Student: 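Take a look at the following structure, please.
Note that this is a predicted model, so its numbers are computed, not measured. Atoms within a ligand are numbered from 1 in the order they appear, just like the ligands themselves.
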Amino acid sequence: MTDRTDEPLLLTPGPLTTSRTTKEVMLRDWGSRDGEFIAMNARVRDHLVELAGGAETHTAILLQGAGTFAVEAMIGTLVPRQGKLLILINGAYGRRMAQLSKVIGRTYVTLETPEDTPPDPAAVAAVLAADPAVTHVAMVYCETTSGLLNPLAEVAVVVAAAGRRLLIDAMSAFGALPCDAREIRYDALVSSFNKCLEGVPGAAFVICRRAALEAAAGNAHSVVLDLHDQWVFMERAGQWRFTAPTHVIAAFDRALAEHAAEGGIAGRGARYRRNCQVLIAGMRAMGFRTLLPDALQAPIIVTFHIPSDPRFAFEEFYDRLRRRGYVIYPGKVTAADTFRIGCIGRLSEADMRGALTAIRGVLDEMGVRVPVAAVAASSL
Ligand SMILES: *Cc1c(COP(=O)(O)O)cnc(C)c1O
């Protein structure tokens with residue numbers, strides 16, 4: 001975008017490229033009892049609740065750490081020790097919720113579909129009907145493993161109809177895709193400073209139904225990940241329990257103002273959709289194939305099949321692109337042989353075209369032939 005330097009562009013789902021102006025506000029120190037800092041915290045929290053459409057019903061709790069800290073805090077605080085979770089899984093982030101639920105001692109069952117397949121809301125309804133012990137359902141909105149958009153609104157309807165409570169990992173969606181609490185019924189939603197809201201990494205937040213939070217005192221398995229305690233303390237003192245990531249919050253305050261100036265969720269989502277369209281069209285024109293059909297693709301990150309040409313070595317491809325100033329996601333997480341390129345962060349359509357030019361150049365240097373053959377190896 002306009003504030004380009006010679007730093008590499010991160011085409012990754014976090015840490016991601018942030019604006020120069022967001023980084024610049026970190027060039028000063030704040031005392032945690034400073035009135036200006038306390039006002040900044042309040043402003044950030046109000047802004048998040050407003051973005052979530054939750055002014056009447058929800059509150060925002062800020063938490064130090066990576067996004068997963070907040071996912072663990074959400075599950076540990078909101079699911080009572082006698083509760084039971086149904087976790088919908090179709091990628092690494094759904095699996096991670098199951099893993100952390102096991103470690104913190106929350107009972108759960110899973111409903112798993114392949115990485116290119118969204119859960120069927122009717123199947124969710126069937127599990128809930130068959131298992132009255134399930135109190136909460138947890139799902140990932142955009143499964144960043146593949147870039148798949150899960151049917152959040154449809155699942156939310158089924159969960160509400162069954163009288164259960166919904167917890168959402170909206171990490172890579174909040175700020176760019178709709179999740180308005182007036183339209184989608186949920187008890188809690190997690191996201192981080194450093195995804196679609198384009199803050200710097202180091203903290204995350206949970207948008208939480210106030211009534212659910214009030215009922216959650218004493219549930220948590222952990223002191224530092226107790227959202228109820230973090231909330232009570234911040235409401236009372238306007239401050240964080242434990243050292244606040246002051247610079248990270250200041251940068252986030254600025255990033256939220258830039259999000260609003262871009263047109264909020266609609267404006268940010270429109271830029272990411274353009275980035276995604278340019279990327280997919282350019283890659284397909286070179287002969288690459290996407291893992292997902294367009295109907296399931298979220299405008300966040302795109303997974304491409306690895307070219308079948310044996311001259312394609314991912315590490316070399318990655319390193320050569322890096323030398324040209326583009327950092328893509330360093331490694332595959334899907335079951336299929338793939339690589340991923342992100343569309344989020346401070347990136348424009350022109351940046352995506354620059355990346356495509358660099359990819360073309362690198363393929364030529366490596367002597368790699370695309371199109372990617374669609375024939376199965378077994379038929380050769
Ligand atoms: C990025 C991400 C997370 C959290 O990642 P951290 O590395 O803990 O910040 C969780 N879920 C999804 C869907 C994500 O995209």
Student: Less than 6.0 Å separating the ring centroids of F174 and F205?
Tutor: yes
Student: Checking R241 against F233: charged group under 6.0 Å from the ring centre and within 45 degrees of the axis?
Tutor: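 No, R241 does not lie over the aromatic ring of F233.
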Student: Going by the rule side-chain contact (heavy atoms from CB on, under 4.5 Å), which residues pair with A260 if we only count those two or more places apart in sequence or in a different chain?
Tutor: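 H47.
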Student: What residues sit with at least one heavy atom under 4.0 Å from ligand 1?
Tutor: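 The answer is A66, G67, T68, Y93, R96, V140, C142, T144, D169, M171, S172, K195, counting any residue whose heavy atom sits under 4.0 Å from ligand 1.
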Student: What is the ring orientation for F317 with F288, classed by angle as parallel under 30°, tilted 30 to 60°, or perpendicular over 60°?
Tutor: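 Aromatic pair F317/F288 classed tilted.
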Student: Taking the six-membered ring for Trp, are the ring centroids of Y108 and H136 within less than 6.0 Å of each other?
Tutor: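 No - the distance between ring centres of Y108 and H136 does not fall below the 6.0 Å cut-off.
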Student: Side-chain contact, heavy-atom cut-off 4.5 Å: H247 with V25?
Tutor: no
